[in-house]
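Values reported hereafter were calculated over all heavy atoms of this structure, with side chains retained and with hydrogens, waters and symmetry mates removed.
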Amino acid sequence: MEMLLKAIKMIFKKKNLDVLIFLIACHLGVLFGAWWFTRPHFNAQPCRNCGRANTRPKETLYQYKVEHGVPYMKEKKVYYCDRHYKDAPRIVKELSHESDTIKKRLLFSSVLSTVLLFLVVFSAAVLEINFNYLLIFPAFLGSVFWIFGPSSDITTSGLFVLIFLAPFGIYWLWLKNATRRIY
């Protein structure tokens, strides 16, 4: 309980609160930009290989079962991005789930990035780290969304892993800085 009160005091200092408001505005701007650029592709399927938006279907044979050495096939439309369209296989054995859409992936990325922002702010408040360092977060998130796309597998997996690693990384940086000040 004491740590929570300490974090709340740190967050509501005038200087930190100003940085936090700007940080949240930048975070919302990045999320709005991701929504704006993926909005035309909301009802489409993500790329089967990488999960990016802006896909187009390719007629493919889907091998759904094999009985007595004879494969049974159906024609299916499988979605690929421009990067993977030309190298798409002619026969696939697994399909992505029908309910997997860009809209759901963007929502998942948005929730993960917001949880990550909360964890980073809370960790910085508990460890009394200068909040100006937190302004790296929207730039980092925006560059990840720009390079890989907000709905890609790399982005969602990376954000999920960072939720667990970011507090430890912040603690390690703080510990390294604190020991340098002592000696």
Side-chain angles (χ1 to χ4, degrees), residues 20 22-67 70-124 133-170:
L20 187 61
F22 182 71
L23 179 69
I24 290 172
C26 289
H27 180 70
L28 291 175
V30 168
L31 293 181
F32 178 76
W35 172 82
W36 182 264
F37 287 113
T38 57
R39 184 174 47 105
H41 314 289
F42 269 179
N43 295 325
Q45 294 275 326
C47 177
R48 181 177 179 270
N49 291 350
C50 64
R52 284 191 173 102
N54 195 9
T55 57
R56 53 188 167 145
K58 184 169 187 171
E59 290 291 331
T60 309
L61 291 174
Y62 168 53
Q63 179 181 336
Y64 59 95
K65 68 178 177 177
V66 177
E67 282 185 6
V70 178
Y72 289 91
M73 310 247 189
K74 295 181 194 175
E75 271 194 21
K76 285 281 193 177
K77 289 183 178 178
V78 179
Y79 289 82
Y80 294 98
C81 65
D82 291 335
R83 181 179 291 175
H84 296 110
Y85 190 82
K86 61 182 176 252
D87 298 326
R90 222 174 68 76
I91 299 173
V92 295
K93 294 182 180 178
E94 291 180 16
L95 293 175
S96 55
H97 202 273
E98 298 272 332
S99 65
D100 188 17
T101 61
I102 302 298
K103 185 189 290 188
K104 288 181 182 178
R105 284 178 174 244
L106 179 65
L107 179 66
F108 189 64
S109 292
S110 300
V111 168
L112 286 176
S113 65
T114 304
V115 168
L116 181 62
L117 176 66
F118 174 75
L119 286 173
V120 167
V121 167
F122 184 75
S123 299
Y133 292 125
L134 299 179
L135 295 176
I136 296 170
F137 184 80
F140 167 74
L141 185 65
S143 62
V144 167
F145 280 3
W146 183 264
I147 294 169
F148 299 111
S151 65
S152 74
D153 296 337
I154 293 173
T155 302
T156 54
S157 300
L159 287 172
F160 188 73
V161 168
L162 279 176
I163 284 176
F164 297 104
L165 293 182
F168 294 114
I170 290 172

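The distance from atom OG of Ser152 to atom CD1 of Ile102, rounded to the nearest 0.5 Å, is 10.0 Å. Taking CG from Leu106 and CG from Leu31, the interatomic distance works out to 8.0 Å, rounded to the nearest 0.5 Å. For the atom pair Cys26 SG and Leu134 CG, the distance stands at 12.0 Å (nearest 0.5 Å). Between the OG atom in Ser113 and the CG atom in Leu162 there is a gap of 11.0 Å [rounded to 0.5 Å]. The structure places CG of Leu107 at 9.5 Å from OG1 of Thr101, a figure rounded to the nearest 0.5 Å. Separating the OG1 atom in Thr114 from the CG atom in Leu159 is a distance of 9.5 Å, to the nearest 0.5 Å.
Taking the centre and axis of the six-membered ring of Tyr85, the NZ or CZ atom of Lys58 falls inside the cone set by 45° and 6.0 Å.
Residues Cys50 and Ile154 form no side-chain contact, since every pair of their non-hydrogen atoms from C-beta on lies 4.5 Å or further apart. A 4.5 Å side-chain heavy-atom check between Arg56 and Tyr80 finds every atom pair outside the cut-off. Proximity of His27 to Leu23: side-chain heavy atoms (C-beta onward) are nowhere separated by under 4.5 Å. Within the 4.5 Å cutoff, side-chain heavy atoms of Trp35 are placed close to those of Phe42. Between Phe145 and Ser109, the closest side-chain pair of non-hydrogen atoms falls below 4.5 Å. Taking 4.5 Å as the limit, some side-chain heavy atom of Asp153 sits within range of a side-chain heavy atom of Arg105. For the pair Leu116 and Phe137, the minimum side-chain heavy-atom distance is below 4.5 Å. Proximity of Glu59 to Pro57: side-chain heavy atoms (C-beta onward) are nowhere separated by under 4.5 Å.
Across all non-hydrogen atoms, the minimal contact from Phe37 to His41 is O-CD2, 3.9 Å. Between Pro150 and Thr38, the shortest heavy-atom contact is CG-CG2, 3.6 Å. Considering all non-hydrogen atoms of both residues, Ala166 and Val120 come closest at CB-CG2, 4.1 Å.
Taking Arg52 as the reference, nothing meets the salt bridge (Lys or Arg N to Asp or Glu O under 4.0 Å) condition, with sequence neighbours excluded. By the ring pair (Phe, Tyr, Trp, His ring centres under 6.0 Å) test, Phe168 pairs with no residue at all, sequence neighbours left out.
Heavy-atom neighbours of Phe22 CZ from other residues, nucleotides or ligands within 6.0 Å: at or below the threshold of 12. The environment of CZ in Arg83 is sparse: at most 12 heavy-atom neighbours from other residues, nucleotides or ligands sit within 6.0 Å.
Taking the six-membered ring where tryptophan is involved, the planes of Phe122 and Phe118 are essentially parallel, since the angle between them stays under 30° and well short of 60°.
In terms of modelled atom types and a separation under 3.5 Å, the side chain of Thr55 and the main chain of Cys81 share no donor-acceptor contact.
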